[in-house]
A.B. asks: 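Dropping the structure in here first, questions after.
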Amino acid sequence: MLDARTSSHSCVLIAHGHGPVHRTERGVVLFVVMLVLVVMALAAGALVRSVDTASLAAGNLSFKQSTLSATDVGVEASIAKFRTGSTLAFGPATQADLASEAYFATIQATDARGVPTALLNKTTFDSAHSANCFWATPDWATTRTACTSAAPASSMGQVRYLIDRQCTVAGPYNDETCNTAGDGGTMTGGSEDSLHTGVESSPAYRVTVRVDGPKNTVSFSQVVFRP
């Protein structure tokens with residue numbers, strides 16, 4: 001009987017001896033699992049942010065490309081004013097400001113980027129030069145929608161443009177007060193040379209185009225040309 005009690009007591013001691021080891025192992029495993037879950041959650045969050053950033057960048061690039069394409073419309077509209085029969089087709093018309101066409105016979109003040117300040121405020125520009133604001137569409141040459149109207153379905157944004165002659169004083173052209181676009185006697189290069197050989201120097205004209213696209217995208221472009 002004495003041996004039986006001793007044996008029973010030993011079993012109890014063995015059972016109590018192994019219990020704390022199992023609980024410690026379970027605690028370590030739980031800690032490791034929780035740590036792994038936290039790391040995975042942080043990685044998932046970083047991945048989501050990375051995808052969102054990439055999508056945002058791609059969207060912004062698309063909007064920018066759209067507005068840059070629309071600037072061509074403004075440039076074409078500006079150059080069209082200098083064609084025969086148009087409002088600025090050489091002669092006295094270019095010697096003075098013409099507000100209705102957003103045309104200036106002298107160089108206009110600009111900001112640090114070189115953008116004429118008159119184009120920076122849309123409201124002020126539209127009140128003075130409403131004819132030079134319209135929605136850019138593929139068929140703008142035949143159907144032009146003013147900015148005061150609702151945007152057409154095919155619109156690429158609102159186009160505003162300004163033309164300033166590169167002269168410091170108004171009046172007839174003077175090569176001492178105007179930046180020229182070249183001299184026929186010194187110009188070189190293919191078709192340009194054949195078109196202007198023997199022609200006297202003439203002032204250069206700068207076209208600045210502003211396009212307001214989707215998501216408050218704003219793009220400015222400039223072209224300097226000689227009619």
A.B. asks: Closest heavy-atom contact between Val73 and Phe134?
C.D. replies: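 Distance-wise, the nearest heavy atoms are CG1-CE1, 3.5 Å.
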A.B. asks: Please assess Val209 against Val75 for the test side-chain contact (heavy atoms from CB on, under 4.5 Å), listing each intermediate value before the final yes or no.
C.D. replies: CA-CA 7 Å; Val209 182; Val75 173; 4.0 Å; yes
A.B. asks: So does Glu101 get a backbone contact from the side chain of Asn132, meaning a donor-acceptor N/O pair under 3.5 Å?
C.D. replies: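 Checked: pair present.
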A.B. asks: Side chain of Trp135, backbone of Thr148: donor and acceptor closer than 3.5 Å?
C.D. replies: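 Pair absent, no side-chain N/O of Trp135 close to backbone of Thr148.
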A.B. asks: Out of curiosity, does Leu98 fall in the hydrophobic cluster containing Ile79 (side-chain heavy atoms, cut-off under 4.5 Å, transitive links)?
C.D. replies: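 Ile79 clusters together with Leu98.
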A.B. asks: Report the C-alpha distance between Thr110 and Arg206 in whole Å, list the side-chain angles of each, state the deciding distance to 0.1 Å, and finish with yes or no for side-chain contact (heavy atoms from CB on, under 4.5 Å).
C.D. replies: CA-CA 12 Å; Thr110 64; Arg206 178 177 62 185; 3.8 Å; yes
A.B. asks: Can you tell me how far apart CG (Asp97) and OH (Tyr103) are? Round to the nearest 0.5 Å.
C.D. replies: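 Atom-to-atom, Asp97:CG and Tyr103:OH are 8.0 Å apart.
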A.B. asks: Is there side-chain contact between Val224 and Tyr205, with at least one heavy-atom pair below 4.5 Å?
C.D. replies: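 The answer is no, as the side chains (C-beta and beyond) never meet within the 4.5 Å cut-off.
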A.B. asks: So, do Ile107 and Asn179 sit near enough that their side-chain heavy atoms are less than 4.5 Å apart?
C.D. replies: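 Side chain of Ile107 against side chain of Asn179, heavy atoms only: contact under 4.5 Å found.
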A.B. asks: For a quick test of reading the model, state the closest non-hydrogen atom pair linking Ser127 to Thr124 and the distance between them.
C.D. replies: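 It is OG-O, 2.7 Å.
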A.B. asks: Verify, without hydrogens or angle tests, whether Asn121 (side chain) and Thr123 (backbone) share a donor-acceptor contact under 3.5 angstrom.
C.D. replies: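 Checking the backbone N and O of Thr123 against the side chain of Asn121, a donor-acceptor pair under 3.5 Å is found.
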A.B. asks: Of all residues at least two apart in sequence or in a different chain, which pass the side chain to side chain contact (heavy atoms under 4.5 Å, CB included) check with Val169?
C.D. replies: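 Val169 satisfies side chain to side chain contact (heavy atoms under 4.5 Å, CB included) with Thr177 once adjacent residues are dropped.
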A.B. asks: For Tyr173 and Ser202, which heavy atoms make the closest approach, and how far apart are they?
C.D. replies: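 Result for this residue pair: CE1-C, 3.9 Å.
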A.B. asks: Answer whether the closest heavy-atom distance between the side chains of Val218 and Val211 falls below 4.5 Å.
C.D. replies: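 Answer no - side chains too far apart.
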A.B. asks: Walk me through whether Phe82 and Thr87 qualify under side-chain contact (heavy atoms from CB on, under 4.5 Å).
C.D. replies: CA-CA 7 Å; Phe82 290 86; Thr87 54; over 6 Å; no
A.B. asks: Tell me, with the steps shown, if Arg210 and Tyr161 meet side-chain contact (heavy atoms from CB on, under 4.5 Å).
C.D. replies: CA-CA 6 Å; Arg210 170 178 177 159; Tyr161 62 96; over 6 Å; no
A.B. asks: Do Ile163 and Lys81 touch side chain to side chain, with heavy atoms closer than 4.5 Å?
C.D. replies: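 When only atoms from C-beta onward are counted, Lys81 and Ile163 do touch, with a gap below 4.5 Å.
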A.B. asks: Going by the ring-ring contact (aromatic ring centres under 6.0 Å, His included) test, which pairs reach into residues 104-125, not counting sequence neighbours?
C.D. replies: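 Pairs touching residues 104-125 that pass the test: Phe104-His129, Phe125-His129.
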A.B. asks: Name all pairs fulfilling the salt bridge (Lys or Arg N to Asp or Glu O under 4.0 Å) condition that reach into residues 120-134, sequence neighbours left out, sorted by first residue then second.
C.D. replies: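 Listed once each, the pairs are Lys122-Asp212, Asp126-Arg160.
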A.B. asks: Do Leu88 and Arg83 come within less than 4.5 Å of each other through their side chains, counting heavy atoms only?
C.D. replies: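 No; the side chains remain at least 4.5 Å from each other.
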A.B. asks: Quick one: closest heavy-atom pair of Gln108 and Thr106, and the distance?
C.D. replies: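 Heavy-atom minimum between the residues: NE2-O, 3.1 Å.
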A.B. asks: Give me the atom names and distance for the closest heavy-atom approach of Ser219 to Thr71.
C.D. replies: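 That would be OG-CG2, 4.3 Å.
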A.B. asks: Nearest heavy-atom pair of Val159 and Ala136: which atoms, and what distance?
C.D. replies: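 Closest heavy-atom pair between Val159 and Ala136: CG2-CB, 3.5 Å.
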